Amino acid sequence: MQLYQSNQIKIHNSLTGKKEVFKPINEGHVGMYVCGPTVYSNVHLGNVRTFMSFDMIFRYLKHLGYKVRYVRNITDAGHLENDADVGEDKITKKARLEQIEPMEVVQRYTVDFHNILNTLNFLPPSIEPTATGHIIEQIELINKIIDNGFAYEINGSVYFDVHKFNETNDYGKLSKRKLEDLIHNTRALDGQSDKKNPQDFALWKKAEPQHIMRWPSPWGDGFPGWHLECTAMSTKYLGETFDIHGGGMDLKFPHHECEIAQNEAAIGKSPVNYWMHANMLELNGQRMSKTTGNTINPNELLSGNNDKMSKAYSPSVIRFFMAQSSYRSVLDLTDDGLKASEKGYNRLMEAINLLPKLNTSKTSSIKIKDWKQKCYDAMNDDFNSPILIAQLFEATKYINQIKEGKETLTAEDLGLLKDTMNAFVFDVLGLRNEAETSSGTDKLTGAVDVLIKLRQEARANKDFAMSDKIRDELAEVGIQLKDGKDGTTFSVN
RNA sequence: GGCGUCGUGGCCGAGUGGCUUAGGCACAGGUCUGCAAAACCUGCUACAGCGGUUCGAUUCCGCUCGACGCCUCCA
C-alpha cells in the first residue's frame, strides 16, 4: 500500500483554470516536464523560484510513493533574440561578447546553475536533457509537422503555419487567446520575415554564415526554433501525452501554447494532462529588471553581497520563505519578509531539535493522527505549502507544550509526530537543519556545556555579574542560552 | 489597446457564501526568571471601491481603480 492510494491530490490546471483531481496516466507513475533555464547567464532568481516550486512538487509526489520521472531541460541551443532574420541568438551573442566558444558559455552557466540548485538543496531531476543533444529528434519532429501539412519551408527556414493549424485545432486554448485577437495585436516587423503570417513561429532557422551554432538539416545548415526542443524531449522521455508540464507563468504564451500546437500537429495528440504555472517573483514590490537595477541574483542573495538586503540568508531560509507562499501567487522578495521567515524557520528547527528530548506518557492529550492528516490535506490541495507550514507551527506549539509538561504523548504518538515532522520538513520542503549541522559537533557542545555549568555555579553564588558575562559573551558569538525548567540548553544562530 | 492573474489586518501570507472566520513576523499584557532571553498564555480582525444576486458575501456576478504577467528579448 503506497501513500498515493490514500491521498487524492488536486492540481490547479492552467488549461481549464480549475482544480482537478490528479489521475496519472499509468497508476503509480508520474511523468513531469519542467522548462529549464537558457544557460547564457547566471540563473535568474525568479527562475529559481519556479524550479523550487516544482522541486517541492517532485518531492511530495515521491513521498507519496509515486515513481516520478522528472525531466527538466537545459536550453543550450540559444533562443532567437527576436523574430527578425538577424540570426544571432543569445548564446552566440554572449560568446562573442566574452570572446569564447558558445559551448563554453553553455558550460559555464550550466555549472553555475547546478551549483546554485545544489546549494539550495534541490533534488536533481531524473533526466536533464539538452537541446543540442536532441537536434536529430527535433528535425524528425519538423518532418512530421511538414508531412501533416502544418509547416512550410522558405529559404532554408521552416515555419509553423498557425492559421492552417487553427482551422482544425484551437491555437490559444492554454493562454485563452483567440487567433483573430493575435492578428490584430501583432506588430508587423519591417517585412524582414519570410513568414506567411506574423503569428507563425519558427521550427527551424537558416543559419547565416557568421552564425556559429549550426547543424545540418534537410533544409540546409541552421538551428532549431525555440519551442521545439521541449516538444522533442518531452515526447522522447515522457511519451506523446504525459501527466504534468510546468514552467513559469511567462512561458504560457507563446512557448507552451506552441508546444501544444507542435505536439498536436506532429502527433495528433495534446501533450499534457495537467499544465501548471508558477507565478512571478518580485523584488521590493517591483518586477525584477536588469535595466532598472531592481535585480538580485541567487549568489548575491546567499552571500549577502548586495545592496538590497541587510544580510545574507541561508539556503533553507530562502526555501522556507518561498514555501510560505503558494506557488500560484506572486511573491514579493523583501528584506523584512526574509527576516520574518528566518525567525520562523529558526523556531521550527528549535522544536525539531527538542523532539528527541521529549518525555513520553501513558496517554496522549493531542490527536496526532488528526494533525498528520491535516498536513497531507494541505499538500493534497494543489501543493498548498503555506497551509502545511501553518500545521508545522501547530506541531511546534505541541512540542513546546509537551516540553513544559502541559500536554502529553504516548511513545507511539511521539514517534508518529517525529516521523511526520521529518518527512514534511526535510523530505518534502527540502529544508536542512542548519543550526544542527553548524552546532552539532560534540566538541562545541562539550565546551558550551562547561560554560553553562560555570554559569550555573556563578548563579548559585549570586555572582550575577559573572553569569551575565558568560551569557552575553556567548550571545555575541552567536550562541544563545535558554533557561528552562530542567536546565539550560543552547542554540547556535 | 487586447488577453490573463490578482488586490486580505502594522508587515508577510492562506482560506471561505453564514458555523471555531489559518499561520508566521511585529506589537502590548501576563506566567516563568536574580534580571533577561527562550517558551507558554492572552490581546490586536481584515478582506481595494461601487453596484447586483442572496435571508446573508470578504467569498458568486458586473463595473471602476490599482498591481503584475503575456501580446516584443525577459523565468
Side-chain angles (χ1 to χ4, degrees), chain A residues 14 17 34-38 41 43-51 79-84 89-90 93 172 174-178 180-187 189 198-199 226 247-255 257 277-282 285-291 295 320-321 324-326 328-334 336-348 350-351 354 374 378 381 384-394 396-397 399-401 403-407 459-460 462-464 467-468 471-472 475 480-485 488-491:
Chain A
S14 310
V34 172
C35 293
T38 304
S41 65
V43 63
H44 194 284
L45 193 61
N47 216 167
V48 169
R49 187 211 178 185
T50 299
F51 299 145
H79 290 167
L80 274 180
E81 288 239 298
N82 54 47
D83 260 352
D89 66 48
K90 284 182 197 167
K93 186 175 179 184
L174 177 66
S175 55
K176 315 281 188 285
R177 275 157 222 255
K178 297 255 174 291
E180 52 194 83
D181 294 337
L182 291 171
I183 293 166
H184 288 231
N185 291 307
T186 306
R187 198 175 56 189
L189 286 158
Q199 295 74 38
W226 65 292
M249 195 89 110
D250 49 349
L251 295 180
K252 223 181 195 181
F253 188 90
H255 185 60
E257 199 70 71
H277 288 96
N279 217 322
M280 301 291 107
L281 181 70
E282 293 180 353
Q286 303 267 285
R287 65 180 279 218
M288 290 199 208
S289 156
K290 277 180 190 164
T291 46
T295 182
F320 188 73
F321 172 77
Q324 272 185 301
S325 83
S326 141
R328 288 202 290 127
S329 300
V330 173
L331 176 60
D332 189 13
L333 187 78
T334 62
D336 286 346
L338 284 163
K339 269 188 197 154
S341 289
E342 187 173 52
K343 288 193 179 167
Y345 163 79
N346 286 335
R347 204 157 84 84
L348 186 62
E350 300 282 311
L354 279 176
K374 282 182 192 162
D381 183 13
N384 196 326
S385 52
I387 296 282
L388 170 67
I389 288 174
Q391 292 306 325
L392 299 180
F393 279 112
E394 282 300 304
T396 298
K397 195 184 266 185
I399 291 165
N400 287 321
Q401 285 173 332
K403 187 191 157 226
E404 298 212 340
K406 289 181 178 171
E407 302 280 1
R459 291 175 73 195
K462 306 236 186 259
D463 183 0
F464 297 124
S467 69
D468 289 354
R471 178 222 282 163
D472 296 342
Q480 187 191 23
L481 298 186
K482 297 174 189 174
D483 297 327
K485 276 219 167 68
T488 301
T489 56
F490 73 96
S491 66

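Source: prediction; values computed, not measured. Just so we're on the same page: letters track the sequence lines, and every chain starts at 1.
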Using the side-chain heavy atoms of [X], tell me which of these nucleotides is nearest: [options].
X	options	value
A:Met280	B:G13, B:G23, B:C68	B:C68
A:Ser326	B:A14, B:G4, B:G23	B:A14
A:Ile387	B:A14, B:A75, B:G13	B:A14
A:Phe253	B:C40, B:A67, B:C70	B:C70
A:Asn400	B:C6, B:A39, B:C3	B:A39
A:Thr50	B:C68, B:A75, B:A14	B:A75
A:Asp332	B:C73, B:G13, B:C40	B:G13

Kindly compute the distance separating [atom1] ([X]) from [atom2] ([Y]), expressed to the nearest 0.5 Å.
X	Y	atom1	atom2	value
A:Met249	A:His277	CE	NE2	8.5 Å
A:Arg287	A:Glu282	CZ	CD	10.0 Å
A:Asn384	A:Arg328	CG	CZ	9.0 Å
A:Trp226	A:His255	CH2	NE2	7.5 Å

For atom [atom1] of [X] and atom [atom2] of [N], their distance in whole Å:
X	N	atom1	atom2	value
A:Leu331	B:C68	CG	C1'	13 Å
A:Lys343	B:G13	NZ	C1'	17 Å
A:Asp250	B:A75	CG	C1'	4 Å
A:His277	B:C6	NE2	P	14 Å
A:Ile389	B:C12	CD1	P	17 Å
A:Leu338	B:G24	CG	P	18 Å
A:Lys176	B:C71	NZ	P	17 Å
A:Lys374	B:U20	NZ	P	15 Å

Position toward the 5' end of RNA chain B (nearest nucleotide), A:Gly285 or A:Ser175: A:Ser175
Considering heavy-atom distances to RNA chain B, does A:Lys339 or A:Ser329 have its closest nucleotide positioned more toward the 5' end? A:Ser329
What interatomic distance, in whole Å, is found between [atom1] of [M] and the corresponding atom of [N]?
N	M	atom1	answer
B:G1	B:C11	P	30 Å
B:G43	B:G23	P	12 Å
B:C47	B:G13	C1'	13 Å
B:G49	B:C55	C1'	25 Å
B:G66	B:A75	C1'	24 Å
B:G4	B:G51	C1'	25 Å
B:G69	B:A57	C1'	29 Å
B:U53	B:A14	C1'	27 Å

For a quick check, tell me whether the side chain of A:Arg177 and the base of B:C71 share a donor-acceptor pair closer than 3.5 Å. no
Give me the distances for all protein-to-nucleotides 60-66 of chain B N/O pairs that come in under 3.5 Å?
none

Residues in side-chain contact (heavy atoms from CB on, under 4.5 Å) contact with [X], at least two apart in sequence or another chain:
X	result
A:Asp463	A:Ala458, A:Ala465, A:Met466
A:Leu281	A:Leu45, A:Arg49, A:Met288, A:Met322, A:Leu331, A:Leu333
A:Ser175	A:Arg177, A:Phe253, A:Glu257
A:Arg347	A:Phe393, A:Thr396, A:Asn400

Could you check whether any side-chain heavy atom of [X] comes within less than 4.5 Å of a side-chain heavy atom of [Y], counting everything from C-beta outward?
X	Y	value
A:Met280	A:Asp332	no
A:Ser385	A:Gln324	no
A:Asp468	A:Arg459	no

How would you label the contact of A:Glu282 with the nucleic acid (heavy atoms, under 4.0 Å): base, sugar-phosphate, or nothing? sugar-phosphate
Regarding A:Glu404, tell me which of base, sugar-phosphate or nothing describes its non-hydrogen contacts under 4.0 Å with the strands shown. base
Each nucleotide in nucleotides 31-36 of chain B should get exactly one letter: B, S or -. Can you fill that in based on protein heavy atoms under 4.0 Å? --SBBB
A:Asn279 versus A:Ser329, side-chain donor and acceptor atoms under 3.5 Å: no
Can you tell me if A:Lys176 has over 12 outside heavy atoms packed within less than 6.0 Å of its NZ? yes
Excluding sequence neighbours, so at least two apart, what forms ring-ring contact (aromatic ring centres under 6.0 Å, His included) with A:Phe321? none
With sequence neighbours left out, write down each residue that passes salt bridge (Lys or Arg N to Asp or Glu O under 4.0 Å) with [X], or none if nothing qualifies.
X	answer
A:Asp250	none
A:Lys403	none
A:Asp336	none

Distances for protein N or O near nucleotides 41-43 of chain B N or O, under 3.5 Å:
{"from": "B:C41", "atom 1": "OP1", "to": "A:Gln401", "atom 2": "NE2", "distance (Å)": "2.6"}

Intra- and interstrand pairs of RNA chain B - dot-bracket, Watson-Crick/G-U under 3.5 Å, | marks other strand: (((((((..(((.....[....))).(((((.......)))))....(((((..]....))))))))))))....
Taking OP1 and OP2 of B:G24, is either one under 4.0 Å from a side-chain nitrogen or oxygen of A:Arg347? yes
Looking at A:Asn384, does any N or O in its side chain come under 4.0 Å of the phosphate oxygens OP1/OP2 on B:G15? yes
